[in-house]
Amino acid sequence: DFLRLLFVENEPTWEWRFIKEVFHRDKLVGLRGFRTFLRSADPKVRQSNSLFLPTLTPVRSEFFATDVIFLGDMPASALSGRFLEMVREFVGTFGGGLVVLSGPRFGPAALAGTPLADMLPVVVDPDLRVRAEREFRLRLSPDASLVDFMRLGSDEAESGKAWENLGPLSWYQPVARLHPLATRLAEHPADACSDGKTPQPLIAIRRHGRGEVVWLGFDETWRLRRKYGELYYRQFWGQMIHRLGLSHARKRTGMSALR
């Protein structure tokens with residue numbers, strides 16, 4: 001079988017474009033495994049092009065056949081209660097994977113007060129807005145080396161080189177704090193959370209029920225491609241979806257075989 005990914009996004013971003021390209025060429029996903037709901041897409045395109053889902057809330061059997069969901073920079077008005085409840089069930093009950101990518105327009109503030117807010121590796125504050133006062137370089141946390149998709153290349157030295165290649169970032173979405181059950185994988189080098197001491201998390205992960213949720217406070221990991229093409233970019237996202245989705249895919253294909 002193959003891994004099945006769903007990328008939910010408001011409009012095409014560089015991250016959306018490059019993730020789509022990477023997984024279309026990935027043997028574990030391929031053209032059959034990557035689908036997207038793009039809110040800005042023409043409804044006629046959604047109906048005629050198999051890449052696009054016509055709705056965020058298809059029948060349950062189709063929705064839960066997904067293995068990993070990417071949730072991008074969507075406005076709160078576009079996320080129906082049924083979609084949010086199904087995502088919570090997908091992760092917590094069925095062990096699916098969820099990746100939340102903060103964007104510069106709506107950010108995780110759109111999730112405040114929704115069923116997804118309690119699943120995140122961070123505690124969101126709807127009053128916090130994107131910070132873009134000065135450029136900064138992402139700093140890996142001490143726990144980053146413990147998580148497979150944060151280890152790039154073949155050894156520690158190469159991984160450091162790969163992350164250095166990300167270069168300076170111009171903005172990020174701040175949060176109130178890290179969730180008590182989460183692990184911080186990358187952080188801001190200077191800015192702190194609401195306690196004034198703990199670094200702002202930029203990449204974090206936590207378990208929720210039977211699944212896992214990854215949160216990114218920016219949507220520019222495509223900058224990993226700067227000097228080395230897809231090498232580290234593909235490794236980062238490939239290892240992540242393997243971790244988040246493979247267990248769910250095995251259960252799904254096992255149930256299909258039983259039928």
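- Ile205 is not connected to Val123 by any chain of hydrophobic side-chain contacts under 4.5 Å among Ile, Leu, Val, Met, Phe, Trp and Tyr, and they are in different clusters.
- Around the CD atom of Glu156, the shell of radius 6.0 Å holds no more than 12 heavy atoms that belong to other residues, nucleotides or ligands.
- Nearest heavy-atom pair, Ala144 versus Met150, reported as atom, atom and distance to 0.1 Å: O-CB, 3.3 Å.
- Expressed to the nearest 0.5 Å, how far CG of Leu56 lies from CG of Leu6 amounts to 7.5 Å.
- Taking CG of Leu152 as the start and CD of Glu164 as the end, the distance is 13.0 Å to the nearest 0.5 Å.
- Within the 4.5 Å cutoff, the side chain of Arg35 has no heavy atoms near those of the Thr66 side chain.
- Contact record, Pro189 with Arg139: O-NH1, 3.5 Å, taken as the closest heavy-atom pair.
- Under 4.0 Å is where a charged nitrogen must lie from a carboxylate oxygen, and between Glu85 and Arg82 no such pair does.
- In the hydrophobic cluster analysis, where Ile, Leu, Val, Met, Phe, Trp and Tyr join through side-chain heavy atoms closer than 4.5 angstrom, Leu28 is grouped together with Leu51.
- Within a 6.0 Å radius of CZ in Arg151, more than 12 heavy atoms belonging to other residues, nucleotides or ligands are found.
- Leu101 and Val87 fall into different hydrophobic clusters, where Ile, Leu, Val, Met, Phe, Trp and Tyr residues are linked whenever their side-chain heavy atoms come under 4.5 Å apart, directly or through other members.
- A cation-pi arrangement is not found for Arg243 relative to Phe149, the charged atom failing to lie both closer than 6.0 Å to the ring centre and inside a 45° cone about the ring normal.
- Few gaps surround CZ on Arg25; more than 12 heavy atoms of other groups in view lie less than 6.0 Å from it.
- A distance-only check finds no donor-acceptor pair linking the side chain of Arg39 to the backbone of Pro75 [under 3.5 Å].
- Here the side chains of Arg88 and His208 are in contact, with some heavy-atom distance below 4.5 Å.
- Taking the ring axis of Phe2 as reference, the NZ or CZ atom of Arg4 stays within 45° of it and closer than 6.0 Å to the ring centre.
- Nearest heavy atom pair, residue Arg105 against residue Asn10, reads NH1-ND2, 3.4 Å.
- Contact between Pro54 and Phe37 at its shortest, heavy atoms only, is O-CE1, 4.0 Å.
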Next on the checklist: Working note: Arg223 + Leu169, criterion side chain to side chain contact (heavy atoms under 4.5 Å, CB included); need CA distance, chi angles, decisive distance, verdict.
Outcome noted: CA-CA 9 Å; Arg223 294 182 182 276; Leu169 299 172; 3.9 Å; yes

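- A salt bridge between Arg134 and Asp191 is present, with a side-chain N of the basic residue lying under 4.0 Å from a carboxylate O of the acidic one.
- Just one residue in the list His248, Arg250, Lys251 forms a side chain to side chain donor-acceptor pair (under 3.5 Å) with Asp67, and that residue is His248.
- With a 4.5 Å cut-off on side-chain heavy atoms, Phe83 and Phe63 count as touching.
- Between Val22 and Arg234, the closest heavy-atom pair is O-NH1, 3.6 Å.
- Under the 4.5 Å side-chain heavy-atom criterion for grouping Ile, Leu, Val, Met, Phe, Trp and Tyr, Leu111 is not connected to Phe218 through any hydrophobic cluster.
- Asp73 contributes a side-chain N or O that, together with a main-chain N or O of Gly107, makes up a donor-acceptor pair within less than 3.5 Å.
- Looking at Arg225 and Glu230, a side-chain N of the basic residue comes within less than 4.0 Å of a carboxylate O on the acidic one, giving a salt bridge.
- With contacts defined as side-chain heavy-atom distances shorter than 4.5 Å, the pair Leu98/Trp215 does not qualify.
- To the nearest 0.5 Å, atom CG of residue Asn49 and atom NZ of residue Lys44 are 15.0 Å apart.
- Taking all atoms of both residues into account, the shortest heavy-atom contact from Leu116 to Leu84 is CD1-O, 3.4 Å.
- Crowding of Arg210 atom CZ: a count of heavy atoms from other residues, nucleotides or ligands under 6.0 Å not exceeding 12.
- Rounding to the nearest 0.5 Å places CG of Leu178 at 10.0 Å from CD of Glu187.
- Ring orientation note: the planes of Trp222 and Phe18 are tilted relative to one another, at an angle of 30° to 60°.
- For an aromatic pair to be called close, the ring centres must be under 6.0 Å apart, and Tyr172 with Phe136 satisfies this.
- Rounded to the nearest 0.5 angstrom, Ser145 OG and Asp148 CG are separated by 11.5 Å.
- Note: Phe94 and Phe64 have tilted aromatic rings, judged against thresholds of 30 and 60 degrees for the angle between ring planes.
- By the 4.5 Å heavy-atom criterion applied to side chains, Leu3 and Val68 are not counted as neighbours.
- Met119 and Ile203 fall into different hydrophobic clusters, where Ile, Leu, Val, Met, Phe, Trp and Tyr residues are linked whenever their side-chain heavy atoms come under 4.5 Å apart, directly or through other members.
- Within the 4.5 Å cutoff, side-chain heavy atoms of Asp219 are placed close to those of Pro104.
- Two residues are said to be in side-chain contact when any heavy atoms from C-beta on lie closer than 4.5 Å; Arg60 and Glu89 meet this criterion.
- Looking only at side-chain heavy atoms (C-beta outward), Gln173 and Val130 come within less than 4.5 Å of each other.
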